[in-house]
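Just below is one structure, and these are the notes that go with it.
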Protein chains: 2
Amino acid sequence: MPHCHTFIAALRQHGYRITPQREMVIEVIAHSRQHMTAEEVYAEVQKRTHAVNIATVYRTLDLLVEEGLASRADLGGGQVVYATAAHGPHIHLVCRQCGLVVDADVVPFEPLFRQIEAAHGFVCSPQHFAIYGQCAACRAAADAVPERG
Amino acid sequence: MPHCHTFIAALRQHGYRITPQREMVIEVIAHSRQHMTAEEVYAEVQKRTHAVNIATVYRTLDLLVEEGLASRADLGGGQVVYATAAHGPHIHLVCRQCGLVVDADVVPFEPLFRQIEAAHGFVCSPQHFAIYGQCAACRAAADAVPERG
DNA sequence: TTCGTTGTTGCAACTGTTTGCAATAAGAGA
DNA sequence: TCTCTTATTGCAAACAGTTGCAACAACGAA
C-alpha cells in the first residue's frame with residue numbers, strides 16, 4: 001500500500017475529512033525522498049493543479065505534524081522543513097556559525113527516549129529534529145584565531 | 001562579574017562593536033531568569049529606552065546565538081524563545097498535539113553528545129532545544145478513543 | 001583630540017507564515 | 001439521491017521575522 005494511503009487512512013480514522021487538496025499535499029510529501037519546505041511542497045502541488053492555496057498547504061502540513069505523520073525541523077537560515085517517517089529517522093546537526101547541516105543517526109538516542117518516557121510519560125517522535133552546535137571546521141577556525149580577528 | 005559583562009567581553013574579543021543598543025539587549029536577556037521571546041526582550045528594552053529598534057533586538061539575539069552565548073528554541077505555537085546558559089541547560093519536551101511544554105534534564109544526553117563529537121567532530125551546544133512528541137495525557141486520550149471520534 | 005574606516009542601526013519594504021471569515025464542499029443520515 | 005451539518009478552503013489582511021540601504025557611530029590610528 002502506498003505510503004500516502006496510510007496517511008489518508010489514519011486521518012480518516014481520526015475523523016478528518018479527506019479533501020482533494022489534502023490528498024494532493026499528502027501525495028507530494030509522502031512520495032518525496034527527502035524533507036521539503038512548505039514552499040517546495042506548494043510549488044510541486046502547483047505543477048499539478050492551481051486549485052490549492054498556500055494557506056491550505058501550511059494547514060495540511062501542520063495537521064500531519066500534529067497527528068504524528070510528519071515532522072517539522074528548523075534548520076536555521078529560514079529553512080523550515082517537513083518530512084515523513086519514510087525518509088528514515090535521523091537528526092540534523094546544525095552549525096550555529098556557518099549553517100552547515102549534517103545528518104546523524106537517531107538510533108543512539110533511543111535508550112534516552114525510553115528513559116524520557118519512563119520519567120515523563122512523554123513519547124518522543126523524533127523523526128527529524130535539529131540540534132544546534134558548532135561544526136569541526138568552525139571549531140578549528142575559532143581555536144586558531146579569535147573570530148573577527 | 002555580572003553575566004552580561006562576560007558576554008560583552010566575549011563579543012569584544014571576537015571583534016564585535018559594543019553599542020548601547022547591544023548592551024541593553026544583552027542586559028535584559030542575561031539577567032532574565034527564564035527564556036524570553038524576542039518580543040518580550042523588546043518590550044523590556046522599551047521600558048528603559050525607546051532608542052532600540054525591534055530589528056536590532058533580533059539581530060543582537062541572533063548574534064548571541066551565533067556566538068554560542070545564547071540558544072534559541074522553537075516551542076511550537078509561534079513561541080520561539082531565547083535563553084542563556086545562566087538558565088541552566090535543559091531540553092523542552094513539546095507535545096505536538098496539545099502544545100504542552102515540559103522541561104527535562106539534559107545530563108542524560110551528554111554521553112550521546114560526546115559520541116556525536118567523536119563521530120562528526122560536531123560540538124553540540126544544547127542549552128535549550130526542543131524535542132517534539134506526545135505527552136502522557138494525549139497518549140491516554142488517543143488510546144481511549146480515536147481522535148475526532 | 002581628531003579623523004577615517006567600517007560595523008551597526010533604524011526604517012520601511014519584504015518574506016514566510018498565520019488568521020478571520022464567508023463560501024464551499026465532504027460526508028453522514030434519511 | 002438528497003439534505004443538512006460542519007469541517008475545510010481561498011482570500012486578503014495581519015503578524016513575526018528579515019533585509020536593503022543610507023545614516024549613524026564605535027573604535028583604532030595618528
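Not measured: the values here are computed from a predicted model. Just so you know, these numbers use all the heavy atoms, side chains as well, and skip hydrogens, waters and symmetry mates. Below, chain A is the first sequence line, B the second, and so on; all start at residue 1.
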Would you give a per-nucleotide map of nucleotides 19-30 of chain C, 5' to 3', where B means the base has a protein non-hydrogen atom under 4.0 Å away, S means only the sugar-phosphate does, and - means neither? BBB---BBS---
Whole Å only: how far is the CD atom of B:E23 from the C1' atom of D:dA26? 11 Å
Quickly work out the A:H14 NE2 to D:dA7 P distance and round it to whole Å. 17 Å
May I ask you to decide whether A:R96 forms a salt bridge with B:E67, counting only side-chain N to carboxylate O separations under 4.0 Å? no
Checking A:Q97 against A:Q134 for the side chain to side chain donor-acceptor pair (under 3.5 Å) test, could you report, in this order, the C-alpha distance in whole Å, the side-chain angles of both residues, the deciding distance, and whether it holds? CA-CA 7 Å; A:Q97 212 133 37; A:Q134 208 176 17; 2.7 Å; yes
Whole-Å distance, A:D74 CG to D:dA16 C1', equals 13 Å
Protein-nucleotide distance (B:L75, atom CG; D:dA16, atom P), rounded to Å: 16 Å
Between A:I116 and B:F109, which heavy-atom pair has the shortest distance, and what is it? CD1-CZ, 3.8 Å
Which angle, rounded to 10°, do you find between the first-five-pair axis and the last-five-pair axis of the helix from C:dT1-D:dA30 to C:dA30-D:dT1? 30°
Can you list, pair by pair, the side-chain donor-acceptor contacts under 3.5 Å of residues 50-57 of chain A, counting residues two or more places apart and other chains?
unit_1 : atom_1 : unit_2 : atom_2 : d
A:H50  : ND1    : A:Q46  : O      : 3.2
A:N53  : OD1    : A:A55  : N      : 3.0

Could you tell me how far apart B:I8 (CD1) and D:dA26 (C1') are, to the nearest whole angstrom? 14 Å
Atom CZ of B:R22 and atom C1' of C:dG10 are separated, to the nearest Å, by 14 Å
NZ/NE/NH1/NH2 to OD/OE distance under 4.0 Å, B:E117 and A:R139: yes
In whole angstroms, how far is the P atom of C:dT15 from the CD1 atom of A:I54? 14 Å
In terms of heavy-atom contacts, B:C95 and B:C135 come closest through SG-N, 3.4 Å
Taking A:S32 for its side chain and A:H35 for its backbone only, find out whether a donor-acceptor pair lies under 3.5 Å. no
Spacing of B:Y58 atom OH relative to C:dT9 atom P, expressed in whole Å: 16 Å
Determine whether A:I91 and B:V123 fall in the same hydrophobic cluster, where Ile, Leu, Val, Met, Phe, Trp and Tyr are linked whenever their side-chain heavy atoms lie under 4.5 Å apart. no
So, A:H90 versus A:D105: side-chain donor-acceptor pair below 3.5 Å or not? no
